[in-house]
S.K.: 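Below you'll find the structure I mean.
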Amino acid sequence: MSLNITINKDELKEELKTEIKPPPLFQVIMLNDDFTTMEFVVKVLMGIFHKSADEAERIMLTIHYQGRGICGVYPKDIAQTRIQQVHLLAQAEQHPLKCIMEPVPDA
C-alpha cells in the first residue's frame, strides 16, 4: 500500500509562517531622592546605561528637576538586570538610589 501525497509548497510555506513579534519593551526609570549625589547618578548612567557624559548629565538633571528620568528602553529581562545592577551599586556606595521599570507606552 502506498500513499500518494502531494504537497503544495506555497500552501505549506503559508501554514508554517508564524508571525514573530519583537519582545515587549520596558523603560528603566531612575527616581530622584534627596541623598544620592548628582555625581553618583552620572557615574551610574555612564557605567550601567552606557550614556555619554553629556547625555548622563542631561538625564541626571531631568531626574533632579522632574523627580524621574528614563535611563533606557530594553526587553524585560535586560531592564530587570540593569535595575538590579543600579540597586547593588547604590547599596555598595550607601546611596538610596532606586530604579523602576514601566512598559513603553503605545505610540
Side-chain angles (χ1 to χ4, degrees):
M1 180 154 127
S2 71
L3 295 173
N4 187 5
I5 300 175
T6 58
I7 299 175
N8 183 327
K9 290 181 182 178
D10 292 330
E11 285 180 19
L12 183 60
K13 284 181 185 178
E14 282 300 313
E15 283 183 37
L16 295 176
K17 196 183 284 186
T18 58
E19 186 176 323
I20 299 174
K21 296 179 184 177
L25 296 176
F26 291 81
Q27 48 192 9
V28 175
I29 299 168
M30 191 174 289
L31 304 175
N32 188 41
D33 64 66
D34 293 332
F35 304 101
T36 304
T37 64
M38 292 180 176
E39 294 80 10
F40 183 75
V41 171
V42 169
K43 174 182 165 184
V44 168
L45 289 166
M46 291 174 67
I48 294 176
F49 296 98
H50 309 291
K51 302 297 182 188
S52 68
D54 289 340
E55 190 174 11
E57 188 170 336
R58 183 187 56 76
I59 295 169
M60 176 273 297
L61 289 172
T62 300
I63 295 164
H64 180 71
Y65 289 114
Q66 296 181 8
R68 56 192 276 152
I70 298 172
C71 303
V73 176
Y74 309 97
K76 187 175 186 177
D77 57 337
I78 295 173
Q80 289 172 326
T81 300
R82 299 277 166 98
I83 290 170
Q84 183 180 27
Q85 291 172 328
V86 169
H87 291 170
L88 288 172
L89 185 59
Q91 185 179 25
E93 298 281 332
Q94 299 181 347
H95 291 291
L97 185 63
K98 295 292 178 204
C99 285
I100 60 171
M101 70 180 193
E102 295 176 351
V104 172
D106 294 330

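As the structure is a computational prediction, the values presented were derived from the model and not from experiment. Just so it is clear, the values below take in all heavy atoms, side chains as well, and ignore hydrogens, waters and symmetry mates.
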S.K.: Any link between Val28 and Leu25 through a network of hydrophobic side chains (Ile, Leu, Val, Met, Phe, Trp, Tyr) touching at under 4.5 Å?
M.R.: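 Per the 4.5 Å side-chain linkage, Val28 and Leu25 are not co-clustered.
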S.K.: Output the distance between atom CD1 (Ile48) and atom NE2 (His87), rounded to the nearest 0.5 Å.
M.R.: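 Rounded to the nearest 0.5 Å, the CD1-NE2 separation comes out at 9.5 Å.
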S.K.: Is there side-chain contact between Ile29 and Met101, with heavy atoms separated by less than 4.5 Å?
M.R.: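 A side-chain contact under 4.5 Å is absent here.
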S.K.: So, do Gln84 and Leu88 sit near enough that their side-chain heavy atoms are less than 4.5 Å apart?
M.R.: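 They are in contact (side-chain heavy atoms under 4.5 Å apart), so the answer is yes.
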S.K.: Is it the case that more than 12 heavy atoms not belonging to Gln91 sit under 6.0 Å from its CD atom?
M.R.: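 Check fails, neighbour count at 12 or below.
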S.K.: With sequence neighbours excluded, give me every ring pair (Phe, Tyr, Trp, His ring centres under 6.0 Å) pair touching residues 36-81.
M.R.: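 The answer is Phe40-His95.
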S.K.: What is the minimum heavy-atom distance between Phe26 and Pro75, and which atoms define it?
M.R.: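 Scanning both residues, the minimum pair turns out to be CD1-C, 4.5 Å.
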S.K.: Quick check against the 3.5 Å criterion: does Lys51 have a side-chain atom that pairs as donor or acceptor with the backbone of Cys71?
M.R.: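 Flag set: sc Lys51 to bb Cys71 pair under 3.5 Å.
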S.K.: Do Asn32 and Arg68 make a side-chain contact, defined as non-hydrogen atoms from C-beta onward lying under 4.5 Å apart?
M.R.: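 Result no, sub-4.5 Å side-chain heavy-atom pair not found.
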S.K.: I'd like to know whether CD of Gln80 has more than 12 heavy-atom contacts from other residues, nucleotides or ligands below 6.0 angstrom.
M.R.: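 More than 12 heavy atoms, drawn from other residues, nucleotides or ligands, come within 6.0 Å of this atom.
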S.K.: Quick check against the 3.5 Å criterion: does Thr62 have a side-chain atom that pairs as donor or acceptor with the backbone of Arg58?
M.R.: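 Yes; at least one donor-acceptor contact below 3.5 Å.
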S.K.: If two hydrophobic side chains count as joined below 4.5 Å and joins carry through other members, does Ile70 share a cluster with Met46?
M.R.: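 In one cluster with Ile70: Met46, no.
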S.K.: Testing Thr37, Ile63, Leu31, Asp33 one by one against Leu97 for a side-chain contact (heavy atoms from CB on, under 4.5 Å), which residue passes?
M.R.: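 Filter result, single survivor: Asp33.
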S.K.: Heavy atoms only: give me the nearest Pro96-Thr36 pair and the separation to one decimal.
M.R.: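 That closest heavy-atom pairing would be CD-OG1, 3.5 Å.
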S.K.: Applying a strict under-4.5 Å side-chain criterion to I, L, V, M, F, W and Y, I'd like to know whether Val86 and Leu61 cluster together.
M.R.: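 Cluster IDs for Val86 and Leu61 match.
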S.K.: CG/Leu45 to CD1/Ile59 distance, rounded to the nearest 0.5 angstrom?
M.R.: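 Leu45 CG to Ile59 CD1: 5.5 Å, rounded to 0.5 Å.
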S.K.: Surrounding CD of Glu57 (heavy atoms of other residues, nucleotides or ligands, distance under 6.0 Å), is the total greater than 12?
M.R.: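 Open.
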